[in-house]
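Right, one structure below, let's go through it.
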Amino acid sequence: MPADYVIDPLHKAVFTRGWGRLSDEDLVDYQGRLNADPDFEPDFSQLVDLSGVERLDISAEGVRTIATEDRWAQEARRAFVAPLDEVYGMVRMHEAFIGWDSPNIRIFRELAEARAWLARRGESEADSSEG
């Protein structure tokens, strides 16, 4: 299972990690487990580290399915780490399918930048630059 998560209720955060070969089935399984987890709260922040993903076997329809099952609140801060161009493009597609033009969703190439952005939770979006 090359996608998993840890929920930190104390810090109101979900840490998600993907690695290896990631498929539609992996994403659907991950999304189902997260949505069913009693500790999941849609307004928690999320850090998605996809730096370990080596290959994507994900279709546009798979990304659309995940987006329609997305239970995150629009105000939740979500940082995605996607060093590979292919992974970056998949995250952008996910963002488009969600249909939010939200300053609370950002994609980064480096994990440290994503962590720093999430740590600046209260600042206005104009005070930070795109990663």
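This one's a predicted model, so the numbers in the text were calculated from it and none came from an experiment.
Inspection of the Glu25 and Ser23 side chains reveals an N or O donor paired with an N or O acceptor under 3.5 Å.
Using a 4.5 Å heavy-atom threshold, the side chains of Val81 and Val48 count as separate. Using a 4.5 Å cut-off on side-chain heavy atoms (C-beta onward), Asp57 and Arg21 make contact. Residues Tyr5 and Phe15 fail the side-chain proximity criterion, which asks for heavy atoms closer than 4.5 Å. Within the 4.5 Å cutoff, the side chain of Leu50 has heavy atoms near those of the Val91 side chain. A 4.5 Å side-chain heavy-atom check between Phe80 and Ile105 finds at least one atom pair inside the cut-off. Proximity of Gln74 to Asn104: side-chain heavy atoms (C-beta onward) are nowhere separated by under 4.5 Å. At least one side-chain heavy atom of Ile7 sits under 4.5 Å from a side-chain heavy atom of Phe44. Counting heavy atoms from C-beta outward, Ile66 and Phe97 have side chains that stay 4.5 Å or more apart.
Of all heavy-atom pairs spanning Leu118 and Gln46, the tightest one is CD1-O, 3.7 Å. The minimum heavy-atom distance between Gly62 and Asp24, with the atom names listed, is CA-OD1, 3.5 Å. The two residues Glu69 and Asn35 make their nearest non-hydrogen contact at O-ND2, 3.1 Å.
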Can you check side-chain contact (heavy atoms from CB on, under 4.5 Å) on Leu47 and Thr16, steps first, answer last?
-> CA-CA 6 Å; Leu47 175 61; Thr16 300; over 6 Å; no
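Cation-pi contact between Arg115 and Trp117: absent, since separation from the ring centre below 6.0 Å together with deviation from the ring axis within 45° is not met.
Met90 pairs in a side-chain contact (heavy atoms from CB on, under 4.5 Å) with only one of the listed residues (Val53, Val63, Leu84), which is Val63.
The backbone N or O of Pro42 lies less than 3.5 Å from no partner atom in the side chain of Arg71, so there is not a single donor-acceptor pair.
Using the six-membered ring where Trp is involved, Trp72 and Phe40 have ring planes that are perpendicular, over 60° apart on the 30 and 60° scheme.
Using a 4.0 Å cut-off between charged nitrogen and carboxylate oxygen, Arg109 and Asp85 count as a salt-bridge pair. For Asp70 and Arg78, the salt-bridge test passes: some basic side-chain N is under 4.0 Å from an acidic carboxylate O. One finds no salt bridge joining Lys12 and Asp8 here, because no Lys/Arg side-chain nitrogen approaches an Asp/Glu carboxylate oxygen to under 4.0 Å. A salt bridge is defined here as a Lys NZ or Arg NE, NH1 or NH2 lying under 4.0 Å from an Asp or Glu carboxylate O, and Asp4 with Arg33 meets this definition.
One distance of note links CD1 of Ile58 with CD of Glu86; it measures 8.5 Å at 0.5 Å rounding. For the atom pair CZ (Arg64) and NE2 (His94), the distance works out to 12.0 Å, reported to the nearest 0.5 Å.
Under the salt bridge (charged side-chain N to carboxylate O under 4.0 Å, His left out) criterion, no residue pair touches residues 34-45, with sequence neighbours excluded.
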